[in-house]
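Comments concern the structure below.
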Amino acid sequence: MQFSQRVETMQFSPIRKFNPIAARVKEKGKKVYHLNIGQPDVETPDCFMDAIKAYNAAVIKYAESGGVTQLQDAVIDYYKTYGIELERGDMIVTNGGSEALTMAFLSLVNPGDEVLVPEPFYTNYHTFLTTAGGKIVPITTKAEEGFSYATREQIEPLITDKTRAICCITPGNPTGNVLTLDEMRLVCEIAKEHDIFVIADEVYREFAYDGRPVTSFGMLPEYSDRVIIIDSVSKRYSACGARIGLLVSKNKELMSYAMKIAQARLCVSTVDQIGSASLFKLPASYYEEVKAEYCGRRDVVYEEMMKIPGVVCRKPGGAFYMTVKLPVDNVEDFLMFMLEEFEDNGETVMFAPAEGFYATPGLGKDEIRIAYVLNQKDMKRGAELIRLGIEAYNAKKGK
């Protein structure tokens, strides 16, 4: 039997592919600290379930393909707090940010077309773009430089007649890099000069630390005709299982094409949209409290990681991830060691090897992504286990 070349070229998630091994280890009684997946332990705000419980429709009907007006209007009010003016027609409610990204790529990309993406990048970009028949062209960044990329020198030489968009995730997954508004303006100016789109993945928008202001490509109305914003309730409100995302753009032609895809899949869960509408109405104090919690987690992890001789890591400016270059030759081999051989007081740790976050062959073999999504005590212990594990692993290798 034959299968499509498209699905054959897709990779398994480097974030999830070691989960069966971790499950087997836990069955044997070893405790595993999961720093590999961006599933926060911060409680979902009560208003989500309260709104669902108050929803008393006799029949749960199909929603409109673009979303229920209750959610759309809540999103409009939310964006107004950042000076961004939207209408209902400027958004399509999607099955998580993942579907929004897929819709964007399907709307822009023909087979063989290219999208510029700074690497390391969220691994599923590869799958989403492959589904559309496109190709990632990586803007390679370095740990030693804080994974920065928003310069003409890094972006412009990569643009060809096949380039359809520049994809930016800010604050970044897996690096925590945060673009300034001036950097966003430069990216948009480059996109305008070359007549391409900017896909702005902003699902971690509020998680900007150390006095960094909240920024959005939507704050640059002069470029609104070529900006596509990806949004989601998953991370901001710790509601990953609700699967509510947004495709947002002022480009009417783009939104019309995306609506064809939205209508083909009918609609997003009506009930989850009702619950999510309440989340967008939360006060600013909610974001400040959650941001402070993640910032504290970042600090304890960073402090522990910097105790490791030879480690390379810049303190991330946002999101809840950090990418760390370790003094080991092969991170996947190190992870297998951590799961199957190493333990300290019956405990070990799991992280995401970073090689799968790169498109350039050979990069990321000595890097990991840590998701600081557990409480500070557990994050400190998880980072400590990485440090102790490296000592044991390199001793075993004779280093």
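This structure is a prediction, so every number in the text was calculated from the model and none was measured.
- Criterion: ILVMFWY side-chain heavy atoms under 4.5 Å apart, direct or through other members. Under it, Ile228 and Tyr122 are part of a common hydrophobic cluster.
- Note that SG of Cys167 is 8.5 Å distant from CG of Leu129, once rounded to the nearest 0.5 Å.
- A donor-acceptor pair under 3.5 Å is absent between the side-chain atoms of Arg185 and the main chain of Leu220, judged by distance alone.
- In this structure, Thr270 contributes its side chain and Lys61 its backbone to a donor-acceptor pair below 3.5 Å.
- Residues Phe207 and Tyr321 place their aromatic rings such that the two centres sit no closer than 6.0 Å.
- Looking at residues two or more places apart in sequence or on another chain, you find no side chain to side chain donor-acceptor pair (under 3.5 Å) involving Asn251.
- Once rounded to the nearest 0.5 Å, the distance linking OG1 of Thr175 with CZ of Phe357 reads 10.5 Å.
- Rounding to the nearest 0.5 Å gives a distance of 6.5 Å between CD1 of Ile308 and CD1 of Ile386.
- Judged by distance alone, with hydrogens and angles left aside, the side-chain atoms of Ser65 form a donor-acceptor pair with the main-chain N or O of Leu266 at under 3.5 Å.
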Worksheet item: Can you check side chain to side chain donor-acceptor pair (under 3.5 Å) on Arg243 and Thr94, steps first, answer last?
Response: CA-CA 8 Å; Arg243 308 311 303 137; Thr94 59; over 6 Å; no

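- Side-chain N or O atoms of Thr9 include one that pairs as donor or acceptor with a backbone N or O of Arg6 at under 3.5 Å.
- Atoms CE and SG, on Met305 and Cys313 in that order, are 7.0 Å from each other to the nearest 0.5 Å.
- At distances below 3.5 Å, not a single donor-acceptor pair connects side-chain atoms of Asn345 with backbone N or O atoms of Glu347.
- Phe105 has its ring centre no less than 6.0 Å from the ring centre of Phe128.
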Worksheet item: Can you list the steps and then say if Thr69 with Gln72 is a side chain to side chain donor-acceptor pair (under 3.5 Å)?
Response: CA-CA 5 Å; Thr69 56; Gln72 290 176 322; 5.7 Å; no

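- Counting only distance, with no hydrogens or angles, the side chain of Asp333 and the backbone of Asn330 share no donor-acceptor pair below 3.5 Å.
- Residue Leu108 holds its CG atom at 12.5 Å from OG1 of Thr163, rounded to the nearest 0.5 Å.
- One finds the OH atom of Tyr393 at 15.0 Å from the CD atom of Glu391 (value rounded to the nearest 0.5 Å).
- Sorted by first and then second residue, the ring-ring contact (aromatic ring centres under 6.0 Å, His included) pairs involving residues 240-283 (not counting sequence neighbours) are Tyr78-Phe280, Tyr237-Phe280.
- No side-chain donor-acceptor contact under 3.5 Å links Asn177 and Tyr149.
- With Ser107 contributing its side chain and Leu254 its backbone, the two residues share no donor-acceptor pair below 3.5 Å.
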Discussion item. Using side chain to side chain donor-acceptor pair (under 3.5 Å), reason through Tyr223 and Glu189 one step at a time and then give a plain yes or no.
Written reply: CA-CA 8 Å; Tyr223 300 106; Glu189 187 60 29; 2.5 Å; yes

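- Side chain of Lys30 to backbone of Leu339: a donor-acceptor contact under 3.5 angstrom is found.
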Fill in: Verdict with supporting geometry, Asn110 and Arg164, side chain to side chain donor-acceptor pair (under 3.5 Å)
CA-CA 9 Å; Asn110 288 311; Arg164 296 293 171 263; over 6 Å; no

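- Counted within 6.0 Å of NZ on Lys307, heavy atoms from surrounding residues, nucleotides or ligands total more than 12; the atom is thus considered enclosed.
- Between the side chain of Glu202 and the main chain of Phe217, a donor-acceptor pair closer than 3.5 Å is present.
- Remark: the Gln273 side chain and the Ser276 side chain contain no N/O donor-acceptor pair separated by less than 3.5 Å.
- For the 3.5 Å distance criterion, the side chains of Tyr294 and Tyr209 fail to qualify, holding no donor opposite an acceptor.
- Between Asp210 and Lys315 no salt bridge is recorded (no basic side-chain N to carboxylate O distance below 4.0 Å).
- Judged by distance alone, the side chains of Glu367 and Tyr358 do bring a donor and an acceptor atom under 3.5 Å apart.
- Between the side chains of Lys26 and His34, at least one donor N or O lies within less than 3.5 Å of an accepting N or O.
- More than 12 non-hydrogen atoms from other residues, nucleotides or ligands lie less than 6.0 angstrom from CG of Leu158.
- Lys252 has no carboxylate O lying under 4.0 Å from a charged side-chain N of Asp225, or vice versa, which leaves the two without a salt bridge.
- With hydrogens and angles ignored, the 3.5 Å screen pairs no side-chain donor or acceptor of Lys235 with any backbone N or O of Pro40.
- Using modelled atom types, one finds a donor on one side chain and an acceptor on the other under 3.5 Å when comparing Glu119 with Thr360.
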